[in-house]
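Since this is a predicted model, take the numbers as computed values, not measurements.
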Amino acid sequence: MAQITLLEAVTQALAHELAADPRVVVFGQDVGANGGVFRATNGLQQAFGAERVLDTPLAENMIAGIAVGMATQGLRPVAEFQFMGFIYPALDHILSHAARFRNRTRGRLSCPLVYRAPYGGGIHAPEHHSESTEAIFTHIPGLRVVVPSSPARAYGLLLAAIRDPDPVIFLEPKRIYRAAKQEVPDNGEALPLDRCFVLREGQDLTLIAWGAALKETLAAADQLAAEGIEAEVIDPATLKPLDIHTVIDSLEKTRRCVVVHEAARFGGLGGEIAAQINEYAFDLLDAPVARVTGYDTVMPYYRLEYDYLPSVERILAVARETLDYRAGGAR
Amino acid sequence: MAQITLLEAVTQALAHELAADPRVVVFGQDVGANGGVFRATNGLQQAFGAERVLDTPLAENMIAGIAVGMATQGLRPVAEFQFMGFIYPALDHILSHAARFRNRTRGRLSCPLVYRAPYGGGIHAPEHHSESTEAIFTHIPGLRVVVPSSPARAYGLLLAAIRDPDPVIFLEPKRIYRAAKQEVPDNGEALPLDRCFVLREGQDLTLIAWGAALKETLAAADQLAAEGIEAEVIDPATLKPLDIHTVIDSLEKTRRCVVVHEAARFGGLGGEIAAQINEYAFDLLDAPVARVTGYDTVMPYYRLEYDYLPSVERILAVARETLDYRAGGAR
Amino acid sequence: MHKPRMHLVASFDIAHLQYLDEQGHATQELPDFATPDTLLAMYRQMALARLVDDRAVKLQRTGQLGTYPSTLGQEAIGVGTGAALQPQDVYCPYYRETGALLERGVEIEEILAIWGGDERGQNYAHAPEDLPLCVPIATQLLHAAGVAFALKYQRDQLGRPARVAVASAGEGATSKGDFYEALNLAGVWKLPAVFVINNNQWAISVARSAQTAAQTIAQKAVAAGIPGLQVDGNDVIAVRAAVADAVERARNGAGPMLIEALSYRMCDHTTADDASRYRPEAELAEAQKREPLVRLGRYLRAGGYWSNEAESELQRELAEILERALADYRDRQKEPPTAMFDHLYAALPEAFLDQYDELAGNGGS
Amino acid sequence: MHKPRMHLVASFDIAHLQYLDEQGHATQELPDFATPDTLLAMYRQMALARLVDDRAVKLQRTGQLGTYPSTLGQEAIGVGTGAALQPQDVYCPYYRETGALLERGVEIEEILAIWGGDERGQNYAHAPEDLPLCVPIATQLLHAAGVAFALKYQRDQLGRPARVAVASAGEGATSKGDFYEALNLAGVWKLPAVFVINNNQWAISVARSAQTAAQTIAQKAVAAGIPGLQVDGNDVIAVRAAVADAVERARNGAGPMLIEALSYRMCDHTTADDASRYRPEAELAEAQKREPLVRLGRYLRAGGYWSNEAESELQRELAEILERALADYRDRQKEPPTAMFDHLYAALPEAFLDQYDELAGNGGS
Ligand SMILES: Cc1ncc(C[n+]2csc(CCOP(=O)(O)OP(=O)(O)O)c2C)c(N)n1
Ligand SMILES: Cc1ncc(C[n+]2csc(CCOP(=O)(O)OP(=O)(O)O)c2C)c(N)n1
Ligand SMILES: [Mg+2]
Ligand SMILES: [Mg+2]
């Protein structure tokens, strides 16, 4: 079987569901003949017809809004935002409607839909093309927020997202769209949306990261391993609802934790994870939960983008501080 | 001097700046003849003219976008969103533009503007009229996010917001718009946007809250005081950038902390505060930083809204747990 | 500079439709549906809407209901629109909708429940596929475009019957991008969607003239390349005729249409509003002369189809209906606090069980 | 049902303006500004824009520049628009803007810097009040409305001279709510704003016909109650004449206007695009015949104002200008990492000093 990229795994999942479920409709800007600006929908219009794979006019608020309307009538819309930086005009429909229709109508109408968007920095793109503001969405009750970090997880999680009876924000780390290949059987098997994935086991330190930042996080773990320090690496994948128990289980072993994300630090998801660890596992902790994140500034134009993104060096530095931490206070 | 409400203090601050600075322009839906649906702009159009206090057509995205354009040309726009629940269509202009113009142009153009909105629940309003999603805004680099909790702070902080050279989201806790009166001299004295306010001193526990939730938080502190427990109550007021040092100073004394907010828990600002306390003061803590928040669900229609909002009872229960906490683990 | 020569590339006309004038005289031959029975049925529904609105405002004043938006003076729009639809069509309302909801079979008690702070009101027993009331202005218009897509798709791809999505909004809503984006999409995708605008001249305190420089709201259709029509929104026959035509047109695959129904908001915006702060007295007095219920009543009386006795009998009957609904509304128990999690997701994720338990009083933090 | 009688309430015409046809023949008397000198100056700027675009694409192909959007074939729109403005007017561009930026005095090196991933490119040395390039589609149109308000306010309230805000966008942008909201506000507030649409027939891979059912983009003005005009966007005289007229109209208090300039995107959308995936070959060949630079050249040659020698001399001169700019661009040093905090706020709040220090390599975590 051929090895495929994360990007191709997305396409494979979309094709699988288009074939399996006549209610599935794929739409967005340039998803048709062009196959999407990243080619995530490559060949789908040709294969499934322009009635099921549609180019929309240029309006993200519209894309989000019509998806809501479609979903309430039993379709399974899968809408693409061309880049996460262009999802903001759509927030109202996502937050006020997609996430609330079921609750508002006491279950009478619901929004089984997927909003996909390539996200994150690191591809030398123009302004607004490198956003990672997942924390805006993880704060919204009623949503699921999912970020795959490998071809297999992209395939299995996207299947799950499309089949999920509720709205899912599916953020695709475009920096690793083509970074690695993997065999991904097209077997229609979904992955769970309520479990963290433990990518690497270890007992000395827990590293938590998702999306493209796992690249540097795993590299840091390798480096630590070379020094005899075994880091456990956890990919939550589904950022909301978050499976904190897998994290706590890990901390039972490691007692030390570093969270890594590209997004700005203040109000990023790292804070929530740290707070929950604090709440669930305060007694376990031998060091404060540390964060390695994007800075609290606007993602810079590309010349400085790698100065902004968490690097292996930054992760290692904070990991070492966390490992070396010895309580200095009274407790 | 007359005592005025928080709402009247807002009006007083707006009038003061309209009088003091010809660049100040106030606009939004119904802010003119009607004086705003809550009357925050009562009498301003009559006093300053329809050229400076303007009713807009009905489009929040437009309101946010024109404010950006105005500000780049040296005006000082103060735009009202009628309710925080209607600010979402405007997110793109707030996040992608207001917060970025200075950075994008390396200081050539900037956005000295204020986006005001009544926020929070508890007034038996219809759907979407009780939002408290401040965490969406506090995550955005380049913004300031301010929430007053008394007439004097509303006046002083709004003056500061209007005079600030950068964009400010000014969220007015409408549940306490008319809850209390206070003498607020119209002396044009602004309050700092980079300092927490310590509303009550104490050495046993630190309670952190903002906006209307301070009502219950202060009531809980009173109750604790009656039992001989002195809680320090901190109102950050400016939620971003956050003055964590005042919080840490308090924890030096109390070593225990509870954060209270109306917003949903997951990804709410309470998580960020807990994470920062963890980072800055891990050794000080005798108990995990606890949170009393809205639930991770949609703010319900009004019959259940007080079941959703943090109550004095919930705050007391968590405060007591935090006070009673004894480390059970190895450290 | 001298005036350059240009050539014409496109031309557009906006027309206005009326059947009954202010005195209730027919200004042209009535459409086929306008039999005495049909007109009486619509008269009844408008009268019921007025009664419900009136009582709802009183309930709010006495603390028994939350904020409520009356349709006083605009009953012909909701009733005319609702009457023009087939049951299987999907209605996508805004929030000022008493008449239309009644036509769609929504219970009075459900309407009251919504404004009484209870989500269960949106779980319509008899209009299972209609969208719930929509508060964020103009957003329902995009939902309607999506619904229209779904209906078209279900017909074309899944062999279901032809159905139409019909949405409503106020004239203030036509300033918001959603309105335009919905029309534009419906136009280019030729969706079976009809957009009905209640132009009641006010968006809270903002007058029609302050919303747009467009001479008519109907002409906003030109931007989307779809037909736009203005109707006398106080003439229930005109409203129903125009909407029914547009709906059948859409059902037959001819695409969407925009209808502007001219009326007047004879009430406060909602019970939270005080229109005397901004509305010229004279304007209201003028509007009174054009209102839809009296107008249709005049026509019916002139034709011998209506009388004082019939009116008293109707009012008695409607009052009874209302009282029954009120009793149901008052009997309604508050949901348990845990209900706020019951329909957040299809099944509550594990991550929120702690909070559910806390609400249930079973501990947790 | 028989067809009802309706009365007409509004009518609209959309006109098209052209001065030079595809062969470069004048189709009517040229406007006063169209002296040989002025035309030659515009020819020069269009040629420069083409050169810059061509080189920028090559720089990208060789890894020396990021994604770049060429204006190939659309130079008349940027140059004609830019030439129609006064220096004190405020230009609110989108991102496909080489010609207009050159007209506004933005340095080639600044343009390259922007697409080379350096914010300093947006700190225009010679257009201090113009807005920077704008990537989120159509948002600049609302900024332009705000700018127009500011200019009007500064004139009316603060005694400053009359100025105009001019914004541009692609035809794809006219599907987005921002476009419509901007026009609507400009209309009802009678703002001194002019909106110029580069209708290059494609929005990446989405054809004009898939954006909207409107026969013209110009007619979208009808929705806002403002005038709309279509011009031949490959005729720089028509573009300049129409924009100059609209700008003077706006300056004189007559309010906003929408101008649709018909052209064709003869290049890929950006260097990240491959138009061969979706663009019919024949369409490009057709467009080639109508392109603006050759067209104006033909007119100038026919009048004896231009020649092969002049062309060679011009190309030599422009190449030199470009090489100097390229040298500056290549010499440009990357900013220090701390620069990402330098202009986030007017002064960096204490809360972020830790992070600043970390970036500066002074420790912190
Ligand atoms: C997006 C949004 N902004 C503001 C509001 C507050 N609001 C409620 S109704 C209304 C005026 C609506 O006017 P119009 O569309 O003419 O409808 P009408 O109420 O007159 O029927 C406003 C501003 C809202 N509900 N949604
Ligand atoms: C809000 C938003 N959505 C999507 C994009 C991605 N995008 C960049 S250009 C473009 C097409 C724009 O087409 P048009 O407006 O016709 O302008 P053109 O590029 O053809 O000049 C798209 C979809 C964007 N920049 N902003
Ligand atoms: Mg209205
Ligand atoms: Mg285009």
Side-chain angles (χ1 to χ4, degrees), chain B residues 28-39 42 45 50 54-63 65 82-83 85-89 123-130 258 264-266 288 290-308 314 317-318 321-322, chain C residues 63 66-69 95 113-122 132-139 170-179 203-207 210-212 269-270 272-275 277-279 332 334-341 343-344 349 351-352 355-356 358-359 365:
Chain B
Q29 295 156 11
D30 306 292
V31 302
N34 199 34
V37 292
F38 285 101
R39 310 291 177 253
N42 200 15
Q45 188 179 69
L54 303 95
D55 284 328
T56 63
L58 207 169
E60 286 76 9
N61 180 60
M62 178 273 287
I63 290 173
Q82 199 154 80
F83 287 86
F86 308 132
I87 209 172
Y88 307 124
I123 63 161
H124 274 25
E127 195 181 358
H128 305 283
H129 288 70
S130 304
V258 177
R265 181 187 197 85
F266 194 91
R291 295 184 281 176
V292 182
T293 69
Y295 294 100
D296 280 319
T297 188
V298 179
M299 165 56 97
Y301 284 20
Y302 77 72
R303 285 216 187 179
L304 295 186
E305 72 175 331
Y306 276 93
D307 295 296
Y308 173 91
R314 280 171 65 198
V318 174
E321 269 178 45
T322 302
Chain C
T67 304
Y68 184 84
Y95 49 80
I114 298 169
W115 300 107
D118 183 344
E119 288 87 348
R120 287 172 299 178
Q122 304 266 33
L133 293 192
C134 184
V135 168
I137 298 286
T139 53
E171 90 292 345
T174 70
S175 295
K176 197 151 167 278
D178 299 63
F179 164 77
I204 308 186
S205 74
V206 179
Q211 281 296 342
T212 180
H269 168 69
T270 64
D273 179 48
D274 172 8
R277 290 176 67 88
Y278 54 80
R279 184 180 57 197
R332 189 172 267 266
K334 183 183 146 180
E335 286 190 290
T338 50
M340 66 177 87
F341 275 113
H343 300 282
L344 184 63
F352 307 123
Q355 295 185 29
Y356 187 91
E358 179 184 325
L359 269 170
S365 75

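- Within the 4.5 angstrom heavy-atom criterion, atoms from both the backbone and the side chain of B:Tyr308 approach chain C.
- With a threshold of 4.5 angstrom between heavy atoms, C:Leu344 approaches chain B through side-chain atoms but not through N, CA, C or O.
- Both the backbone and the side chain of B:Val298 come within contact range of chain C, each with at least one heavy atom under 4.5 Å from a heavy atom of that chain.
- Shown here for B:Pro126 and C:Trp115, the closest heavy-atom pair between the two residues is CB-CZ3, 4.1 Å.
- B:Asn61 does not touch chain C: none of its heavy atoms, backbone or side chain, sits under 4.5 Å away.
- In this structure the side chain of C:Ser175 never reaches within 4.5 angstrom of the side chain of B:Met62, judged on heavy atoms.
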>> Test side-chain contact (heavy atoms from CB on, under 4.5 Å) on C:Met340 and B:Asp307; report intermediate values, then the result.
In response: CA-CA 9 Å; C:Met340 66 177 87; B:Asp307 295 296; 3.8 Å; yes
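- If you measure heavy-atom distances from C:Asp273 to chain B, the contacts under 4.5 Å come from the side chain alone.
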> Does the side-chain contact (heavy atoms from CB on, under 4.5 Å) test come out yes or no for B:Leu58 and C:Val206, once each step is laid out?
Replying inline: CA-CA 9 Å; B:Leu58 207 169; C:Val206 179; over 6 Å; no
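- B:Tyr302 approaches C:Gly66 most closely through the heavy-atom pair OH-N, 3.0 Å.
- In this structure, OH on C:Tyr278 lies 7.5 Å from CG on B:Asp30, to the nearest 0.5 angstrom.
- Heavy atoms closer than 4.5 Å to chain B are found in the side chain of C:Gln122, but not in its backbone.
- Contact of B:Tyr295 with chain C is made through backbone and side chain together, with heavy-atom distances under 4.5 Å.
- No other option in C:Glu335, C:His269, C:Glu119 has as many heavy-atom pairs under 4.5 Å with chain B as C:Glu119.
- Proximity of B:His129 to C:Val135: side-chain heavy atoms (C-beta onward) are separated by under 4.5 Å at one or more points.
- Only the side chain of B:Gln82 has a heavy atom closer than 4.5 Å to any heavy atom of chain C.
- When atom types are taken as modelled, the side chain of C:Arg277 and the backbone of B:Asn34 share a donor-acceptor pair closer than 3.5 angstrom.
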